[in-house]
There are 2 protein chains.
Amino acid sequence: MGNSRVSLRWVAQQAGVSPATVSRVSRGSATVSPELRERVLRIIEESGYRPNHLGRALAETRHGALGLVFPGLSGPYFSELLQGFEEEVQESGDSMFLLASHSHSETDTRVIDLAGRVDGLAILAGTVSDAALEQVARQVRLVVMCARERGAHTTVTMDNTTFGALARHLLVEHGYRRLAFVGNPDGSPDVTSRWEAFLGAHREAGVVPPAEPVRVGLQQSDGIIAAQQILDGGQRPDAVMCANDETALGLVLNALGRGLRVPDDLAVTGFDDMDMAAMVRPGLTTVRQPIRELATTTARLLADGEPRVTRHITLPTRLVLRESCGCRPAAAGPSDN
Amino acid sequence: MGNSRVSLRWVAQQAGVSPATVSRVSRGSATVSPELRERVLRIIEESGYRPNHLGRALAETRHGALGLVFPGLSGPYFSELLQGFEEEVQESGDSMFLLASHSHSETDTRVIDLAGRVDGLAILAGTVSDAALEQVARQVRLVVMCARERGAHTTVTMDNTTFGALARHLLVEHGYRRLAFVGNPDGSPDVTSRWEAFLGAHREAGVVPPAEPVRVGLQQSDGIIAAQQILDGGQRPDAVMCANDETALGLVLNALGRGLRVPDDLAVTGFDDMDMAAMVRPGLTTVRQPIRELATTTARLLADGEPRVTRHITLPTRLVLRESCGCRPAAAGPSDN
DNA sequence: TTGTAGGCGTTATCAT
DNA sequence: ATGATAACGCCTACAA
């Protein structure tokens, strides 16, 4: 019944055996006679004994837990990341600590503290200082996600160059001349890379890019804010490239609300290829990135990876051309959708 | 530098004091002479000593961690929940375990296991079996969120009756006669309550409700699916009440895409009052519920609450009338927004 | 004020 | 196959 105070030792006494035997039984160790095993299992069953995690962890010097650290952002991106990570953590029978960084200042110390409670830590690049990363790496396994540089720590990263390919598509194939970029390059390493790819594509194409990005966050509501900034102003661009699908959707929603047509009056693109991108009309042109795989790969590295070898993994992304960029609708019934 | 192998005992030897003294210093206990304190602190500093969490926790029989358990859903609702909980957990210097239930079957055992690693557990109603809840409650503090009944466990709940008030508003003030309900009453206790409130309002008003809800999930993409089901069919309703803002937004997006006008051709309402609700046009009529407060209240109860007294807290919600239900736009400049 | 010793609940290494 | 016994790293009476 109540298992509050039953300890291994107590079970041992009840069964008239040594603590060691109970430990063996409790863990399914083979070296115990069927007779004793039976006796011990009965007591365990009746008493509702469950081995104490702290005691076990202390003896095994292993926490049985991994940690995930990221900025306190919302949206499908993080949901996906979280679920992927958790799924993989469960697979190996571990538990998952979550640390969402709000106040950037306190995060460093909290992360270092967290490092003392886990076997490995996954940290989204840009969330903590390099010094803190160093600290963490000395204590536990560390994987940095979405880092911009292949440093001394193991990293798992998305291929952001496809964003440049998308920019070229708009510039070259569609011949757009005035593009806008929605996203804050200082906000996250990924956005930095995308802004640079955006700039690079312009350079190649010999088109002069906007002087500044439209600096907003990554939520859908930020897309609306961006829309207001872009569409209330004077001359509106031919196309706007958003740093992710969320903001693109917000932007489309607002544009539609104004009676603008997408892509005729304004082309819009995103990044992620989340569910909504395919369901909205016009279909959202975007770049597909395997967020879940990012998470599972990271978790697996943390659980299985050689502790001392640093690896660098880049996950592939790919262009997904739909209608919002100005491409013709793909085959399929013309009506419904 | 490296602090991998420095233990309290080691520090004690280096400083030429007893382990007890180091322990006292390490925890800021007052009963130690300035001289020794200084000496010990120096060694701690130099060696980068950090007390081992497992050792400390085992000795204090306290994990310094709380757990949050919910179904693996995405969307702003859970982001908010998560952040609120985490914020409060940090406040008390604890850490946060997260358990997202994917396969409903395994969840029970995982939750019970998790109960052995925390001082308290917050569980969203409907995620685990009652038997598991019972088990958990015997081991640690437990708060059930959004439960439909005030049972033996402490609960924190939202007032879902306001959904009925909203239904009355549509039925009585606007005189709509054909309403639709979007959401799966079997999916979560909250949706169950809202569907019942929906039915209740119809009964009161003497209007015959739809035989069945439009059973979809709670994501934005589900709103699109619902829209297809509702709008592709024969006679379309006057108004559709969605179980949350996400689906309402998806529905609006699709309706707009078809060239329908909201609310003229179709009124739409949501639940939550998330950021987007106020930013979209037409503004989304909805019910505001304090999700963050739900989370912080729960966490605080877990951290501070009397272990043995079960409380039942209901958080207030309130009607937010905007334009999507057919109400006139509130005061303010008529143009931009 | 400081140190000693026992305990927190397991696991693991030895003997037996 | 089983059982002492010593870790694991820390806290905390109790004693000095």
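Throughout, protein chains are lettered first and strands after them, A, B, ... in sequence-line order, and every chain is numbered starting at 1.
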Heavy-atom nearest nucleotide on DNA chain D for B:R27 versus B:L58: which residue maps closer to 5'?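 Closer to the 5' end of DNA chain D: B:L58.
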
[X] [atom1] to [N] [atom2], straight-line distance once rounded to whole Å:
X	N	atom1	atom2	result
B:W10	D:dC10	CH2	P	13 Å
A:L54	C:dT11	CG	P	12 Å
B:N52	C:dC8	CG	P	18 Å
A:L8	D:dG3	CG	P	12 Å

Which heavy atom in [X] sits nearest to a heavy atom in [Y], and how many Å separate them?
X	Y	result
A:C146	A:L124	SG-CD1, 4.1 Å
B:G67	B:F85	O-CZ, 3.7 Å
A:L66	A:V118	C-CG1, 3.9 Å

Can you tell me which nucleotide in [options] comes closest to the side chain of [X]?
X	options	result
B:V32	C:dT2, C:dT10, D:dG9	C:dT2
A:A59	C:dT11, D:dC10, D:dG3	C:dT11
A:V17	C:dT4, C:dG9, D:dG3	D:dG3

Kindly calculate the angle separating the two end axes of the helix from C:dT1-D:dA16 to C:dT16-D:dA1, each obtained from five base pairs, and round it to 10 degrees.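 If I round to tens, the end axes sit 40° apart.
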
Between [N] and [X], is there an OP1 or OP2 to side-chain N/O distance shorter than 4.0 Å?
X	N	value
A:S33	D:dT2	yes
B:S23	D:dC11	yes
B:T21	C:dG3	yes
A:R9	C:dG9	no
B:T31	C:dT2	no

Less than 3.5 Å apart, any donor N or O on the side chain of A:R39 or A:T21 sitting next to an acceptor on the other?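 Side-chain D/A pair, A:R39 to A:T21: absent.
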
Strictly by modelled atom types, are B:E87 and B:Q83 linked by a side-chain donor-acceptor pair under 3.5 Å?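 No pair is found: no donor N or O on one side chain lies under 3.5 Å from an acceptor on the other.
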
Report yes if a donor N or O on one partner sits less than 3.5 Å from an acceptor N or O on the other, where the partners are the side chain of A:R24 and the base of D:dG3; otherwise report no.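 Between D:dG3 and A:R24, which were checked side chain against base, a qualifying N/O pair under 3.5 Å is present.
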
Which is more 5' along DNA chain C, the nucleotide nearest B:L36 or the one nearest B:E60? Just name the residue.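 It is B:L36 whose nearest nucleotide is closer to the 5' end.
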
DNA chain C: 5'-proximal contact among B:S18 and B:G55 (nearest heavy atom):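 It is B:S18, whose closest nucleotide lies nearer the 5' terminus.
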
When rounded to the nearest 0.5 angstrom, what is the spacing between CD1 in A:I43 and CH2 in A:W10?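 Answer for the CD1-CH2 pair, A:I43 versus A:W10, is 7.0 Å.
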
